[in-house]
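Input: a single structure, listed below in structure tokens.
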Amino acid sequence: MNYEEKILELWEREGRHIARMNQEKPKYFITAAFPYPNSPQHIGHARTYTLADVMARYYRLLGYSVLFPMGFHVTGTPIVAMADRIKEGDKELFEIFEKIYGIPREQYTKLTDPKDLVLFFANEIETGMRRMGYMIDWSRKFYTFDPKFERFIHWQMKKLYDKGFLIRGKHPIPYSPRLNSSVGAHDTKGDIDPEIEEYTGILFESPYGYLVASTLRPETIYGITNIWIREDVEYIVLETDKKIIVSEEAWKRLKYQFSNYREIGRLKGKELIGKNVKVPLLGIEIPIIHGSIVKPEEGTGIVMSVPGHSVYDNFEYRKLKREYPIIISINGKPSDAGQRIPENGDLEMANKELYRDEFTNGYHIPLKMSVKEARERTKEDLYRIDRAIRIYKIANGPIYSRAGDEVVVKILDDQWFINYGDRSWKRLAQEHLNSMKIIPEEFRTRFKNTIEWLDRKACTRSRGLGTRFLYDQSQIVESLSDSTIYMAVYILVPYLNNYRVEQLDESFFDYIFYGIGKPIDSTHERMREEFLYWYGVDARHSGVDLITNHLTFYIFNHVALFPKEKLPKAIVTNGSVLMDGKKMSKSLGNIIPLKRAIEQYGADTVRMAVVANSDIKSDTNFSDTIAKGIKERIHGFIELFRRKGEGNVDIQNWIRTRFYSRLKEIKELYSNYEIKRVADSLFYEFYNDLQWAIRRGMNSIPDDVIRYWNIAMFPIIPFTTDMLHRELFGRSIYDETLEIPDVKTQPHPEDLFREMIQDLETLRNLREFRSVRIGIAKPWKFEVYRLLSERVKMQDIIKKYPEAKDLISKLKNRAYTIEFKYSHREIMDYLVKNRNWIESNMNISVEIGEEMERYALPDKPEFLIR
RNA sequence: GCAGGGGUAGCCAAGUCUGGUCAAAGGCGCCAGGCUUAAGACCUGGUCCCGUUGUGGGUUCGUGGGUUCAAAUCCCACCCCCUGCACCA
């Protein structure tokens, strides 16, 4: 067993991570987005949690009562889909389990029940988090499919409903007829996330009903010449309040969007040829013509022909040798698709280019406005006169479900939404955002914009794990909607065993959260107290990717449901973890499971690597070299701290000034989440100081330095520091606080001495010499330095010391900022005292005196070598 | 398209808010030396260009202008790269 495991055992035995309400102490409630247990965690997951843990430990050191809880988010379909895939024997998935995560076959093949899957991975993740040393109070763990959690979500939905934030309406979703369910990326072949694109289906009146042509560019209707159909294709007539016509092939996909239409007849394409249709908005009549470019399965199998502004249409239309109108100009020149027919026959590329040019730079001649505006206007006009229907398409299709059929768009007629588009709600959210701490601050505008852009959000689904929706028990609350205020539940979990599920009704929660009504018993009363004590999340940690959804929903729901003093105080987001500079992905196979990383490098090393290697907002890089480097250095510190023996007192004092001047900045760095800077200062730079000090004869490191170093580094590398602390001082850092002693940190002549030796060594590398005469600058130069440090006016200095003119001009800009505290006497004495060290250490003879030439500066003695 | 972030030496990356101590931290790589039987690790030094190799000079921070005694840092324009856009965790 290594020292980390031993220390971990002590922590668990001593109950170091249990959070208790303590009215004597200020509280700090820190949460990180709970994990979704559908696979073991990798080092990428560790970043957010480690950062949260570092801060939890930091606040604990400041004397706060810290609550850092964790639960598991199991809501949604990926877990169910994964269980299904295991049941189906999905080879791709098995390979990931075995090759990347090293889970034995007999273990994962058992996980065909979603609940088993959840428990297996949740357990795996929890073990990993414990092993990472996270200060999580596991007694507050819960899963989002717990019946009591469901009651809490019922309460939330009831409140949202009462405030009018729950609404109903139509909604398109990606759908697999064979699976008979909506599909997300995890339900498709190749894990492709289906994207839905909205088209305008324009209705053209014909003798048989409305021909529907779907388009992304309704504004081009002003340049229409005809309708293309295929004479050899079968068309279907459908009816509800009106009759519409689409191709049979197209209907196979479209029928899921128009469940209220029924088929009343069929037509061969031939029968339509030669007939005229009426064009809405223009009122003109145009012919229906056979067009070989029409694909019956594409769109509706009916195309409105705009030869002026579609390369395809133009290609087909020029066979007819007729004139056609141009209705869009670019930079004053007519834009004619006819000019863009490519030599190589790549119509698609040419059409895309045309589309882009006309959309970004085009001017719509008939409507006298930009193409962008014309599109919106035309759309509105068509819908207003009821000559358009919305048609949806899978934009990145065709996509196939894991059952093998093509994913289509289905329209849900009665979908529930949370209406984040509500103006007054947005205003509340914006207002609260203004008073929140956003770390890093750069992301505040992203929140601001997200609050602004968000509209209604579908909040239920028909499938998956999770809680039933209060107003339609056949539905499950969608996963981003049931995880917006769940942090409050952590506070209740330890007490919920005292109640039956049915007891957790609206009034139960009303009392705890609002103080409305009377407590049903003393435990209930206690829950209210705990809520009052803890709530108001002090810091919520998550990855940057959640800003545009979860974290913004979190703000929205809190401002809707909780009083001002219980609202979130800070949101902390961090970038992701790259592996050797590349994004970790299953396909690249470069995922490092956390478990393996800990075995290989140790938890402290992994913690350091993910949290102290780059600035919070940027992606951080993980690599074997980086991890090994950290591991070595940790061992370096351990060895240095264990050294014993008397040593050079001067140097001990020097190391103190170096250390305490670093220590003074530490609180500010932690408070600003500048973990990398803490590490740079205490872990890297200070290590160099120690190396120098040892070389200069400091045999062991002063106890006070070790003690404070342990405490200051404890948040980042708790295992190593607590191990050392217990070993060297006989107590745990959990019993310490981070009080920075008020030690004077004046500059020490050793600083100058160190630099001088470095210069001397540089010099020796360039040229062989046996003896050196070190010349210290003349006293007046020290006086000039002193005056400069006090920011005395240059003119006055020069008046007093005319020789100073050259010196100051030599210093250039540095003259304005110089900080120099040593006296001539001090430096002289210090060098004389250390003359022997230089002689024996560098194996040269040394003479010390005043400068002889004019090179010397107070902070740079001159060397005369022989 | 809309929104956000970014372009710094061979590579990665700090510095930009608060202009001067910035030829620009740190790491990697590379070179030389120490240690070692040896390799790795570790330690020391070097790593923009020039200078007969000591505190000197020149030219740099995407490109082009501007403000200033002074710009990687402030202002303007341009070029390029990355991320998100929803019902999915």
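So you know, we letter chains A, B, ... as the sequences are listed, proteins then strands, and number each from 1. Below, each value reflects all heavy atoms present in this structure, side chains not excepted, and no hydrogens, waters or symmetry copies.
B/rA71 and B/rC22 have their C1' atoms separated by 11 Å, with the value rounded to a whole Å. To the nearest whole angstrom, the two P atoms, one in B/rU21 and one in B/rC80, are 34 Å apart. If you take atom P in B/rU16 and the same atom in B/rA23, they sit 16 Å apart, rounded to whole Å. The C1' atoms of B/rU37 and B/rC50 are separated by 44 Å, rounded to the nearest whole Å. Atom name C1', nucleotides B/rA3 and B/rA13: the rounded distance is 27 Å, in whole Å. Rounded to whole Å, the separation between the P atoms of B/rU83 and B/rC76 comes to 27 Å. One P atom belongs to B/rC69, the other to B/rG10, and the distance between them is 34 Å to the nearest Å. Nucleotides B/rA41 and B/rC31 place their P atoms 13 Å apart, quoted to the nearest Å.
Judged by distance alone, the side chain of A/His550 and the main-chain N or O of A/Leu480 form no donor-acceptor pair under 3.5 Å. In this structure, A/Tyr36 contributes its side chain and A/Ile79 its backbone to a donor-acceptor pair below 3.5 Å.
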Pull out every protein N or O sitting under 3.5 Å from an N or O of nucleotides 81-89 of chain B, one pair per line with the distance.
from   : atom 1 : to       : atom 2 : distance (Å)
B/rA86 : N1     : A/Asp455 : N      : 3.1
B/rC87 : O2     : A/Lys457 : NZ     : 3.3
B/rC87 : O2     : A/Ala458 : N      : 2.7
B/rC87 : O2     : A/Ala458 : O      : 3.4
B/rC87 : N3     : A/Ala458 : N      : 3.4
B/rC88 : OP2    : A/Arg461 : NE     : 3.3
B/rC88 : OP2    : A/Arg461 : NH1    : 2.4
B/rC88 : OP2    : A/Arg461 : NH2    : 2.6
B/rC88 : O5'    : A/Arg461 : NH1    : 3.3
B/rA89 : OP1    : A/Arg461 : NH1    : 2.8
B/rA89 : OP2    : A/Ser479 : OG     : 2.3
B/rA89 : N6     : A/Asn549 : OD1    : 3.4
B/rA89 : N6     : A/Asn549 : ND2    : 2.5

Contacts under 3.5 Å, N or O only, protein and nucleotides 26-30 of chain B:
none

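Heavy atoms of A/Tyr355 sit nowhere under 4.0 angstrom from any nucleic acid atom.
A donor-acceptor pair shorter than 3.5 Å cannot be found between the side chains of A/Ser681 and A/Glu665. Under 3.5 Å, the side chains of A/His171 and A/Asp414 contain no donor-acceptor pair of N or O atoms.
Distance CD1 (A/Ile451) to P (B/rA3): 17 Å, rounded to an integer number of Å. When the P atom of B/rA41 is taken as reference, atom CG of A/Asp624 falls 11 Å away, rounded to whole Å. Following rounding to the nearest Å, A/Asn672 (CG) and B/rU18 (P) show an atom-to-atom distance of 16 Å. Taking atom CG on A/Leu640 and atom C1' on B/rC43, their separation rounds to 12 Å, with Å as the unit. With rounding to whole Å, A/Glu674 atom CD is found 12 Å from B/rG15 atom C1'. Put simply, CG on A/Asp615 is 6 Å from P on B/rG15, counting in whole angstrom units. To the nearest angstrom, P of B/rG54 lies 17 Å from CD1 of A/Ile774. One interatomic measurement links the two molecules: CD of A/Glu197 to P of B/rC2, which rounds to 17 Å at whole-angstrom precision.
Evaluation of the salt bridge (Lys or Arg N to Asp or Glu O under 4.0 Å) rule for A/Lys617 yields A/Glu442, A/Asp615 as partners, not counting sequence neighbours. With sequence neighbours excluded, the residues satisfying ring pair (Phe, Tyr, Trp, His ring centres under 6.0 Å) with A/Tyr175 are A/Tyr256. Applying the side-chain contact (heavy atoms from CB on, under 4.5 Å) test to A/Thr552 and every residue at least two apart in sequence or in another chain returns A/Phe447, A/Thr450, A/Ile451, A/Leu454, A/Phe556.
Residues from residues 437-445 of chain A placing a heavy atom under 4.0 Å of any atom in RNA chain B, listed by number, are A/Glu442, A/Thr445.
Across every strand in view, B/rA13 sits unpaired, with no contact that passes the Watson-Crick or G-U test at under 3.5 angstrom. In this structure B/rG20 sits in a base pair with B/rC69, meeting the Watson-Crick or G-U test at under 3.5 Å. Both distances falling under 3.5 Å, in either a Watson-Crick or a G-U wobble arrangement, place B/rC78 opposite B/rG62. If you check B/rU44 for Watson-Crick or wobble pairing at under 3.5 angstrom, you find it paired to B/rA32. Base pairing annotation: B/rG84 forms a Watson-Crick or G-U wobble pair with B/rC2, both donor-acceptor distances under 3.5 Å.
With contacts defined as side-chain heavy-atom distances shorter than 4.5 Å, the pair A/Asn419/A/Lys457 does not qualify.
Atom NZ of A/Lys426 is surrounded by more than 12 heavy atoms from other residues, nucleotides or ligands within 6.0 Å.
The side chain of A/Ser618 sits closest to B/rA14 out of B/rA14, B/rC42, B/rG6.
Under 4.0 Å is where a charged nitrogen must lie from a carboxylate oxygen, and between A/Glu219 and A/Lys379 no such pair does. Looking at A/Arg642 and A/Glu639, no side-chain N of the basic residue comes within less than 4.0 Å of a carboxylate O on the acidic one, giving no salt bridge.
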Inset, instruction - Would you sort out whether A/Arg461 and A/Glu478 count as a salt bridge (Lys or Arg N to Asp or Glu O under 4.0 Å), showing the intermediate values? - result: CA-CA 6 Å; A/Arg461 327 189 33 149; A/Glu478 176 276 329; over 6 Å; no

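Checked against the 6.0 Å centroid criterion, the rings of A/Phe553 and A/Tyr420 qualify as a close aromatic pair.
Nearest-nucleotide assignment on RNA chain B puts the 5′-proximal partner with A/Ser614, out of A/Ser614 and A/Gly629.
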